K.L.:
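Handing you this structure, nothing more for now.
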Amino acid sequence: MPSVAVKLYSVFFKLLLKHRLHNLISSPPSPDPFGVSTRSDESVAAANPSFTDGVATKDIHIDPMTSLTVRIFLPESALSPSELPRGEDDSHPHPHNPRSDRRHSHVVIPLNQTSPERNESRRKSYEPYGGYAPSAKRSSRKLPVMLQFHGGGWVAGGSDSAANDFFCRRIAKVCDVIVLAVGYRLAPENRYPAAFEDGVKVLNWLGKQANLADCCKSNRRVNGVELKKLNVQGHIVDAFGASMVEPWLAAHADPSRCVLLGVSCGGNIADYVARKAVEAGKLLEPVKVVAQVLMYPFFIGNNPTQSEIKLANSYFYDKSVSALAWKLFLPEKEFDFDHPAANPLAHNRIGPPLKLMPPTLTVVAEHDWMRDRAIAYAEELRKVNVDSPVLEYKDAVHEFATLDMLLKTPQAQACAEDIAIWVKKYISLRGHEFSY
């Protein structure tokens with residue numbers, strides 16, 4: 001059974017969540033196409049472009065018409081030895097800790113009084129380090145990309161929340177991937193299908209970034225005139241002079257090894273994005289979704305399963321609270337627990353046949369009322385020969401690996417490591433050497 005501390009925290013969590021949901025229902029905010037991707041009363045973690053704890057982060061607002069954002073988590077493992085900071089003589093690296101140098105490199109060098117131009121150049125070279133910028137002159141290690149969709153019952157959470165930031169840092173390190181945490185628009189300001197469309201939009205944006213980076217790397221000819229790539233202040237720039245390419249992704253991302261990971265309601269989004277990726281096929285190239293991870297997905301249906309009956313009043317997100325969240329997310333005229341967004345096995349499910357879905361790892365918790373429907377979905381995938389194992393964690397609750405107070409538990413760390421073992425079957429360049 002969960003500990004006493006977890007049980008007490010669950011009681012207060014449900015009271016606060018139910019209060020928030022009732023307030024949103026009784027006094028709904030006006031519909032806003034721009035939307036919000038995080039709540040002002042939630043704890044957030046600021047982006048840090050230096051390699052704090054082995055991961056650098058930055059926020060990108062990718063759609064000027066909406067609040068859709070992504071937070072990029074770049075693990076330090078992406079750096080090649082040639083990118084490590086060195087002293088004035090490149091043949092003699094500093095003896096200090098490399099990670100420490102990358103964060104705060106500041107060296108006092110005597111200036112040459114007879115050469116003002118050289119002095120100015122050296123002043124710029126030894127300014128305090130303010131964030132990672134890849135070098136266009138050096139080859140960089142390419143890492144797989146993982147699109148992560150946070151939980152929060154459609155109405156809360158965010159890609160920059162403190163809990164999500166901690167979780168994504170952990171996943172970036174253990175899986176050795178670049179994580180793109182998607183800050184999709186929240187309900188009820190933007191109801192279905194806004195969050196789902198935002199997920200697809202980020203996948204398309206990733207493909208656009210890859211294509212732009214390829215264009216900048218190669219020489220192009222227009223009317224017999226050769227246009228070469230330009231480099232301005234360390235940023236990759238297209239031939240027309242407009243900064244178009246995200247430099248971290250251009251230097252380090254391999255979109256042909258793309259994994260989707262969804263947490264709670266984010267699992268519903270990930271599954272939808274996977275279906276759209278299957279439908280798009282080669283139109284998404286060079287992006288290829290090779291696998292997805294559904295962590296305790298927010299599935300529900302009109303015909304209750306055994307766990308939905310037995311565990312209806314379970315920890316944190318009980319069934320009554322979750323029903324309120326669905327009421328805020330689905331448009332009034334579409335409210336139905338067998339809605340395609342809610343029930344992946346509903347008779348009106350839209351999208352490609354299940355046999356075309358990517359390999360799917362499902363994580364479930366013993367004390368979660370949503371577990372049976374997630375397991376049933378995995379079983380249906382296995383029936384059509386899709387690799388879809390289920391990891392069930394004993395004495396665990398919904399969001400046991402991602403909730404703020406549970407993030408540092410041994411079970412949460414073990415879950416991340418288990419995910420990494422499975423994911424590496426599909427993103428390793430050396431073949432499927434990892435397996436259960």
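The structure displayed is predicted, hence computed values, not measured ones.
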K.L.:
Quick check on Lys288: does its NZ atom have over 12 non-hydrogen neighbours (other residues, nucleotides or ligands) under 6.0 Å away?
P.N.:
no

K.L.:
Please say whether more than 12 non-hydrogen atoms of neighbouring residues, nucleotides or ligands are located less than 6.0 Å from CG in Asp41.
P.N.:
yes

K.L.:
If you define the side chain from C-beta out and look only at heavy atoms, does anything of Trp248 sit under 4.5 Å from Ile178?
P.N.:
no

K.L.:
Decide side-chain contact (heavy atoms from CB on, under 4.5 Å) for Phe316 and Val321; before the verdict, give the C-alpha distance in whole Å, the side-chain angles of both, and the deciding distance to 0.1 Å.
P.N.:
CA-CA 9 Å; Phe316 298 103; Val321 169; over 6 Å; no

K.L.:
Considering all heavy atoms of both residues, which atom of Ala365 and which atom of Val397 are nearest to each other, and what is their separation?
P.N.:
CB-O, 3.4 Å

K.L.:
Determine whether the aromatic ring centres of residues Tyr315 and Tyr317 are separated by less than 6.0 angstrom.
P.N.:
no

K.L.:
Can you check side-chain contact (heavy atoms from CB on, under 4.5 Å) on Val182 and Leu68, steps first, answer last?
P.N.:
CA-CA 8 Å; Val182 180; Leu68 176 60; 3.9 Å; yes

K.L.:
For Ser264 and Gly151, work out which heavy atoms get closest and say how close.
P.N.:
CB-CA, 4.1 Å

K.L.:
Between Arg373 (side chain) and Pro297 (backbone), is there a donor-acceptor pair under 3.5 Å?
P.N.:
no

K.L.:
Between Lys14 and Asp318, does any side-chain N to carboxylate O distance fall below 4.0 Å?
P.N.:
yes

K.L.:
Using distance alone, with no hydrogens and no angle criterion, decide if Tyr9 and Asp404 have a side-chain donor and acceptor under 3.5 Å apart.
P.N.:
yes

K.L.:
Could you tell me whether Phe298 and Trp326 have their ring centroids closer than 6.0 angstrom?
P.N.:
yes

K.L.:
Is any side-chain heavy atom of Lys173 closer than 4.5 Å to one of Asp53?
P.N.:
yes

K.L.:
I'd like to know if Arg20 pairs up with Glu42 as an ion pair, taking the criterion as any Lys NZ or Arg NE/NH1/NH2 lying under 4.0 Å from an Asp or Glu carboxylate oxygen.
P.N.:
yes

K.L.:
Could you state the interatomic distance from CG (Asp271) to CZ (Arg349), rounded to the nearest 0.5 Å?
P.N.:
6.0 Å

K.L.:
Keeping His61 on the side-chain end and Asp63 on the backbone end, is there a donor-acceptor pair under 3.5 Å?
P.N.:
yes

K.L.:
Can you give me the closest heavy-atom contact between Met357 and Ala274, atom names plus distance?
P.N.:
CE-CB, 3.9 Å

K.L.:
Between Glu380 and Val384, is a side-chain contact (heavy atoms from CB on, under 4.5 Å) present by the stated rule, with each step listed?
P.N.:
CA-CA 7 Å; Glu380 291 300 314; Val384 291; over 6 Å; no

K.L.:
Closest heavy-atom contact between Asp32 and Asn190?
P.N.:
O-ND2, 2.8 Å

K.L.:
Counting distance only, does the side-chain N/O of Arg170 pair as donor-acceptor with the main-chain N or O of Leu407 below 3.5 Å?
P.N.:
yes

K.L.:
Among Ser314, Ser307, Pro304, which one satisfies side chain to side chain contact (heavy atoms under 4.5 Å, CB included) with Lys319?
P.N.:
Pro304

K.L.:
If you look at every heavy atom in His150 and Ala156, which pair is closest and at what distance?
P.N.:
CE1-O, 3.5 Å

K.L.:
Going by heavy atoms in the side chains, are Asn204 and Leu284 under 4.5 Å from each other?
P.N.:
yes

K.L.:
Pair Val290, Val259 - check side-chain contact (heavy atoms from CB on, under 4.5 Å), show working.
P.N.:
CA-CA 6 Å; Val290 297; Val259 178; 4.0 Å; yes

K.L.:
Could you give the distance from CD1 (Ile62) to CD (Gln209), rounded to the nearest 0.5 Å?
P.N.:
9.0 Å

K.L.:
Using ring centroids (six-membered ring only for Trp), state whether Tyr296 and Phe400 fall under 6.0 Å.
P.N.:
yes

K.L.:
Could you tell me which non-hydrogen atom of Met295 sits nearest to which non-hydrogen atom of Phe167, and how far apart they are?
P.N.:
SD-CZ, 3.6 Å

K.L.:
If you measure from the Lys or Arg side-chain nitrogens to the Asp or Glu carboxylate oxygens, is any gap between Asp176 and Lys424 under 4.0 Å?
P.N.:
no

K.L.:
Does Lys7 have more than 12 heavy atoms from other residues, nucleotides or ligands lying within 6.0 Å of its NZ?
P.N.:
yes

K.L.:
Can we say Arg191 and Glu334 salt-bridge, meaning some charged N sits less than 4.0 Å from an Asp/Glu carboxylate O?
P.N.:
no

